[in-house]
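It should be emphasised that the depicted structure is a prediction, and the values quoted were computed from it without experimental measurement. A, B, ... follow the sequence lines: proteins, then strands. Residue 1 opens every chain.
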2 protein chains.
Amino acid sequence: MQKIKVSVDGVVFGYFEKSALHILLIQRNIEPFKGKWALPGGLVHDDEDLDAAVLRELQEEAGIRPDFLEQLYTFGKVDRDPRNRVISVVYFGLVNPSYHKLHADTDAADARWFSIDQLPELAFDHEAIFEKALSRLRTKIQYEPIGFNLLNTEFPFSDLEDLYQTIIGESIDRRNFRKKIMSYGLLDETNKIRKEGSGRPGKLFKFNKEKYQSLAEKGFYFEIK
Amino acid sequence: MQKIKVSVDGVVFGYFEKSALHILLIQRNIEPFKGKWALPGGLVHDDEDLDAAVLRELQEEAGIRPDFLEQLYTFGKVDRDPRNRVISVVYFGLVNPSYHKLHADTDAADARWFSIDQLPELAFDHEAIFEKALSRLRTKIQYEPIGFNLLNTEFPFSDLEDLYQTIIGESIDRRNFRKKIMSYGLLDETNKIRKEGSGRPGKLFKFNKEKYQSLAEKGFYFEIK
DNA sequence: CCAAAAGTGTTGGAAGTACACCCATGA
DNA sequence: TCATGGGTGTACTTCCAACACTTTTGG
């Protein structure tokens, strides 16, 4: 009789303008690792699909529902949980934090955004899980337009530049980047303008998801860099 | 108390020269789906890592040990197994069939290669799993040099061409393809020649894995098409 | 008028694509 | 000598990379 338990965990990335990338962590209020920070997650119910389980856990532990969510990898080393054998199906999500207020709920003492370069010590093998998610994000943002899930629905071009620079971690030529993105015709211009801060105000754009999907079906590939 | 069981399955691709791509299937000799063809796999032992479990199952059910093996996706829909809730961590593998003779062993009545365009009806959701694996193979072969695992260690250039054409499913310009591959400097020329069949014999090449790995660490990207 | 960010074009080089002929072998 | 597949070069086009000045706004 098999004794393995199945859990799900979520690595949810959020981006705060002109700042580092963040991930969502919860503070455990049960043993083991009580008091430590960890990725939100928990055991899958017997009558619940895996996707549903992550959505539920994210809801319960942080009150959040990501705009983008997909399966990342399944971690199953024998000793990754000190109590029992637990394998974890990990999902990778993106949200715009300004649209989602966190509230820790069941099972979590607290839920917070942490800058990825100032993470606390994490429970279990969550450090390794995070690394894998980050590397997936870095790769994937270069060939699928998923970055828009991290921005406001209407954003100035410079937000997009900053986002890519932050995630990829190198500086990009503004002019070439803009030309490339624009050439895909996936951004609709709004007639709004952002006038925050100093300098010339920028036009706001909107990502046209429908257009991307119809192009993608015809074999179009998004690609940056 | 959670009742979910954890299994692993493997989608193992094999390539037979000048022929379609094949996958390895086993014939079930227990219910459910007794007598039907299915992907090799089975329940994970309590004290066994996931990778070890797939390797064991492939060994037990087909007597095979793939040259390349990596995790593909975890399938966990509630009703995918008629008996109990079973989630399956699926791996995706590549072998050169001429180096591995199949022999069905424990749990399997038979093990055979099937051409991917003449697959029998499959047990469980294995059809969907296969589709996902195939699409991963098609994508991945274009940006990682994994195709060499499907060929003989020493192969004439035309085998590589055929392989890519078979997998991607469109015809490639021989001259440009060769130029591209050669430009990476990852193929070592042997001084052997293949004289099978008619026509001018071709030189045999060997993929230089070490060289690829050292380049990859320095940020080199393999890319075809 | 100064500071700050937005907006825009041109040019040279590299890489990709299209394309056709000669070569070595066995029958 | 013919049929079969192996081996190679060139010209055109497209894409990418490098690069700097002008515009709009607020203070």
So if I take every side-chain heavy atom of B:Arg200 and compare against D:dT25, C:dA24, D:dT10, which nucleotide ends up nearest?
C:dA24
May I have the distance from B:Asn176 (atom CG) to D:dA11 (atom P), rounded to whole angstrom?
15 Å
With a 4.0 Å cut-off on N to O distance, would you call A:Arg194 and A:Glu17 a salt bridge?
yes
Short side-chain N/O contact from A:Ser158 to OP1 or OP2 of C:dA6, under 4.0 Å
yes
For A:Gln118, look at atom CD and say whether over 12 heavy atoms of other residues, nucleotides or ligands are found less than 6.0 Å away.
no
Quick one: is D:dG7 close enough that its OP1 or OP2 comes under 4.0 Å of any side-chain N or O from B:Arg178?
yes
To the nearest angstrom, how far is A:Lys180 atom NZ from D:dC15 atom C1'?
8 Å
Nearest whole Å is fine: how far is D:dC21 C1' from A:Arg175 CZ?
9 Å
Distance in angstrom units between A:Glu223 CD and C:dG16 P, rounded:
11 Å
Could you check how far CD1 of A:Ile193 sits from P of C:dA4, rounded to whole Å?
21 Å
Could you check A:Gly199 against B:Lys225 and say which one's nearest nucleotide on DNA chain C is further toward the 5' end?
A:Gly199
D:dT8, D:dC19, D:dG5: which one has an atom nearest the side-chain heavy atoms of A:Asp173?
D:dC19
Distance in angstrom units between B:Glu189 CD and D:dG6 P, rounded:
15 Å
Check this for me: A:Arg65, atom CZ, are more than 12 non-hydrogen atoms of other residues, nucleotides or ligands nearer than 6.0 Å?
no
Between C:dA5 atom P and A:Lys203 atom NZ, what is the distance in whole Å?
19 Å
Atom-to-atom span, NZ of A:Lys179 to P of D:dA18 - whole angstrom:
12 Å
Apply the test side-chain contact (heavy atoms from CB on, under 4.5 Å) to residues A:Leu151 and A:Phe205: give CA-CA distance (whole Å), side-chain angles for both, the deciding distance (0.1 Å), then the verdict.
CA-CA 11 Å; A:Leu151 300 177; A:Phe205 294 88; over 6 Å; no
